[in-house]
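Basis for what follows: all heavy atoms, side chains included, without hydrogens, waters or symmetry-related copies. This structure is a prediction, so every number in the text was calculated from the model and none was measured. We name chains A, B, ... by the order of the sequence lines, and we start the count at 1 in each one.
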Number of protein chains: 2
Amino acid sequence: MASLGELERAVMDLLWAGQEAATANKLRDLLAQDSAATDGIAGHQGKDLAVTTVLTVLSRLEKKGLVERERGTRPHRYQAVSSRADHTADLMHEALGSAPDREAVLARFIGSVSESEAATLRKLLGKN
Amino acid sequence: MASLGELERAVMDLLWAGQEAATANKLRDLLAQDSAATDGIAGHQGKDLAVTTVLTVLSRLEKKGLVERERGTRPHRYQAVSSRADHTADLMHEALGSAPDREAVLARFIGSVSESEAATLRKLLGKN
DNA sequence: TAGTTGTTTCTACGCAACGTAGAAAATGGA
DNA sequence: TCCATTTTCTACGTTGCGTAGAAACAACTA
């Protein structure tokens, strides 16, 4: 129960990027900006989402446990439950988790990691 | 384009487990066995899939690039394109890949790995 | 060569997830 | 009490997946 749709991911990216909790309206605006930027000079003909759309997505993300909502304030405020790094690491563990041959997987994983990342990993593991 | 459904995964598990390429019929039988075993003494009332079902799934897996089919022989023979370990490692890279903060992700990942696996990783990264 | 049988392809249905949003309800201020 | 803002409810279209029947196809036998 962890994979995200395109819009869900876009919203999470915004929540992860901003440090403050955001309202649905704020997020809608940011999404419009983003798509305008992506469309380039062509003019953002695409995506002006309805606020209800954003709210629906936020509810779904809340149900999935990725988003937390403050119900006290009137425009509710939404924020990511965990950082993107944490979430991504969780995903990696999830992929790894269901494998009966964890060591082999780790071997392959390490095998196809860039040298600089390998260095990072060595550092993190405490070199001994 | 990488996530698998339940049956798709069951089929891949069989292909990954067996060393030889298998036919659709063989796979159907193995699936029936598996579900019988899972059902325990209760009697495998559940899953006797039609061969066409297995064939459909195999086609979809082929389209996804996970399965390769020999069309020469009459009962076509199917096999996994890459090992489960490779595939899982790919998934991990995929999760990691889309992150702008790769180092942070790796840090979190390492942080929540068991000590024995950390040891494995150290060995694999071994400065040698 | 024509029938028979095993195999594959085509087509399709139901269900769940997701993008999308209108209609209606709720809430807080004028 | 009425209005504007915000949230909830409901819903529709699309896509992926489990599932399989019907039809096409290939190989063997009589």
Side-chain angles (χ1 to χ4, degrees), chain A residues 1-15 21-32 34-35 38-39 44-79 91 94 98, chain B residues 1-15 21-32 34-35 38-39 44-79 91 94 98:
Chain A
M1 226 221 241
S3 84
L4 299 186
E6 195 173 345
L7 180 54
E8 289 175 330
R9 170 154 298 275
V11 169
M12 287 310 298
D13 278 340
L14 289 175
L15 291 178
T23 68
N25 253 295
K26 175 83 172 253
L27 290 169
R28 192 201 39 122
D29 291 346
L30 291 175
L31 286 169
D34 279 12
S35 75
T38 303
D39 288 344
H44 69 131
Q45 25 65 280
K47 300 286 141 182
D48 267 45
L49 297 179
V51 187
T52 51
T53 300
V54 179
L55 281 163
T56 301
V57 167
L58 284 169
S59 291
R60 288 175 181 165
L61 289 170
E62 191 189 19
K63 187 176 304 176
K64 291 185 190 184
L66 295 187
V67 160
E68 206 171 23
R69 125 166 42 188
E70 293 173 39
R71 283 197 146 86
T73 69
R74 180 47 179 170
H76 295 180
R77 305 185 76 78
Y78 303 83
Q79 61 191 317
L91 287 185
E94 207 176 295
S98 60
Chain B
M1 224 220 240
S3 85
L4 299 186
E6 195 173 346
L7 179 54
E8 290 176 330
R9 170 153 299 275
V11 169
M12 287 310 298
D13 278 340
L14 288 175
L15 292 178
T23 68
N25 252 294
K26 176 81 171 252
L27 290 169
R28 190 198 38 93
D29 291 346
L30 292 174
L31 286 168
D34 278 13
S35 77
T38 302
D39 288 344
H44 70 131
Q45 22 67 281
K47 301 284 141 182
D48 267 44
L49 297 179
V51 187
T52 52
T53 299
V54 179
L55 280 164
T56 301
V57 167
L58 284 168
S59 292
R60 289 175 181 165
L61 289 170
E62 191 189 19
K63 186 176 305 173
K64 292 186 190 182
L66 295 188
V67 159
E68 206 171 23
R69 132 169 32 193
E70 293 174 39
R71 281 198 147 85
T73 68
R74 180 47 180 171
H76 294 181
R77 304 185 78 79
Y78 303 82
Q79 61 192 317
L91 286 185
E94 207 176 295
S98 60

Check every strand shown and say whether [X] touches a base, only sugar-phosphate, or nothing at a heavy-atom separation below 4.0 Å.
| X | value |
| --- | --- |
| R28(A) | nothing |
| L7(B) | sugar-phosphate |
| T23(A) | nothing |

In whole angstroms, how far is the C1' atom of dA24(D) from the CZ atom of R74(B)? 10 Å

I need the CG-P distance between N25(B) and dG6(C), as an integer number of Å. 10 Å

With a 4.0 Å cutoff (strictly under), does any side-chain N or O of [X] reach OP1 or OP2 of [N]?
| X | N | answer |
| --- | --- | --- |
| K63(A) | dC18(C) | no |
| T56(A) | dT20(C) | no |
| R71(B) | dT9(C) | yes |
| R69(A) | dT8(D) | yes |

Between CG on residue L61(A) and CE on residue M12(A), distance to nearest 0.5 Å: 6.0 Å

Answer whether the closest heavy-atom distance between the side chains of E8(A) and R60(A) falls below 4.5 Å. yes

Pair R71(A) + E62(A): basic N to acidic O under 4.0 Å: yes

If we count only N and O atoms by modelled type, under 3.5 Å, do the side chains of R28(B) and T23(B) hold a donor and an acceptor together? no

From the list dC17(D), dC25(D), dT20(C), which nucleotide is the closest neighbour of the side chain of R60(B)? dC17(D)

